[in-house]
Amino acid sequence: MPMTAVDKLTEKLGVQLDPELLVLALTHRSFAHEAGGIPTNERLEFLGDSVLGVIVTEALYRRHPDLPEGELAKMRAATVSQRALAAIARTLDLGCYILLGKGEVGTGGAEKDSILSDTVEALIGATYVAHGLETTRTVVERLVDPTLAIAAGLGAGLDWKTSLQELAATMGAGAPEYVCEGTGPDHARTFTAHVLLDGEIRGTGTGSAKKHAEQDAAAEAYRSLLGAD
């Protein structure tokens, strides 16, 4: 990787990383396989996932002393979700730097939420290995602060599926059931989900992943139950 690329990405991260460690954090398994089985970023991703969880949990605990653990858990889930981390990756233009195999390049791997979010976690893991917890906390909090701020005001929108289940139980509407189908090629699938309550469709949603479509459907159903529509 050219030094200019290393410098550009580490400047966006706000922390210096050894070029070899940075390359490892950016090495997707598809690239590693085609390169003859070199190490992948998956161990760093594993580490980064845990470090991210601790830092976000502590930040929420300190910033919201009056919130119960259930609300804190929803806010944490929204902050460290695949969609949220992929959004952070896009602010870093991370897709330009990830080392992908030809197959993943051909199917738009640099824009897949799963690959982007995993690489963010790998970079967090690399930062922890290189600099320890305090520097990593500074980097992570700067990256996730916008998401944390949004999460604080989302209410039911932190997790529409859980919120719908709780509301439906309170109203005696039965447990939500989801029916989801996908269309299009594997690398560009679009999913449509319907949520049923007592056998009646109460919400419909679409998304690039099944869980995103189900969340959108749950949001529509939640508003419907409240009489907002």
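All figures in this text were calculated on a predicted structure; none of them were measured in a lab.
How far CG of L143 is from OG1 of T79: 12.5 Å, rounded to the nearest 0.5 Å. Here the SG atom belonging to C96 is positioned 11.5 Å from the CG atom belonging to L26, to the nearest 0.5 angstrom. Annotation: the span from L44 atom CG to L22 atom CG amounts to 10.5 Å, rounded to 0.5 Å. With values rounded to the nearest 0.5 angstrom, T204 atom OG1 is found 10.5 Å from D216 atom CG. Atom CE in M171 sits 5.0 Å away from atom CG in L225 (nearest 0.5 Å). R83 CZ to H212 NE2: the interatomic distance, rounded to the nearest 0.5 Å, is 4.0 Å.
With sequence neighbours left out, the salt bridge (Lys or Arg N to Asp or Glu O under 4.0 Å) criterion links D18 to no other residue.
Annotation for K102: atom NZ does not count as buried by contact number, only 12 or fewer foreign heavy atoms lying within 6.0 Å. The neighbour count for R43 CZ, taken as heavy atoms of other residues, nucleotides or ligands under 6.0 Å away, does not exceed 12. Crowding of E34 atom CD: a count of heavy atoms from other residues, nucleotides or ligands under 6.0 Å exceeding 12. E181 CD: 12 or fewer foreign heavy atoms inside a 6.0 Å radius.
The side-chain heavy atoms of D118 and N41, taken from C-beta on, include no pair separated by under 4.5 Å. In this structure, T27 and P39 have side chains that are not in contact, with every pair of non-hydrogen atoms separated by 4.5 Å or more. Using a 4.5 Å heavy-atom threshold, the side chains of S30 and H33 count as separate. Taking 4.5 Å as the limit, every side-chain heavy atom of I124 sits out of range of all side-chain heavy atoms of I55. At least one side-chain heavy atom of L133 sits under 4.5 Å from a side-chain heavy atom of Y128.
Of the possible donor and acceptor atoms, none in the side chain of E177 sits under 3.5 Å from a partner among the backbone N and O of L196. Between the side chain of T40 and the backbone N or O of R29, no donor-acceptor pair lies under 3.5 Å. Between the side chain of K74 and the backbone N or O of D159, no donor-acceptor pair lies under 3.5 Å. Put simply, the side chain of E121 never gets that close to the backbone of G48: no donor and acceptor are under 3.5 Å apart. Proximity of a side-chain donor or acceptor of H131 to a complementary backbone N or O of Q16 within less than 3.5 Å is detected.
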Derivation of the side-chain contact (heavy atoms from CB on, under 4.5 Å) call for I88 and L116: CA-CA 9 Å; I88 289 171; L116 290 171; over 6 Å; no

Take I115 and L100 through the side-chain contact (heavy atoms from CB on, under 4.5 Å) test and state the conclusion after the steps. CA-CA 10 Å; I115 292 177; L100 298 169; 4.1 Å; yes

Step by step, work out the salt bridge (Lys or Arg N to Asp or Glu O under 4.0 Å) result for E134 and R137. CA-CA 5 Å; E134 293 309 313; R137 178 184 284 113; 2.7 Å; yes

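Remark: K161 qualifies as a cation-pi partner of Y178 under the 6.0 Å distance and 45° angle criteria applied to the six-membered ring.
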Can you give the donor-acceptor pairs under 3.5 Å from side chains of residues 59-67 to other protein atoms, not counting sequence neighbours?
| residue | atom | partner | partner atom | Å |
| --- | --- | --- | --- | --- |
| R62 | NE | E58 | OE2 | 3.0 |
| R62 | NH2 | E58 | OE2 | 3.2 |
| R63 | NH1 | D145 | OD1 | 2.9 |
| R63 | NH2 | D145 | OD1 | 2.9 |

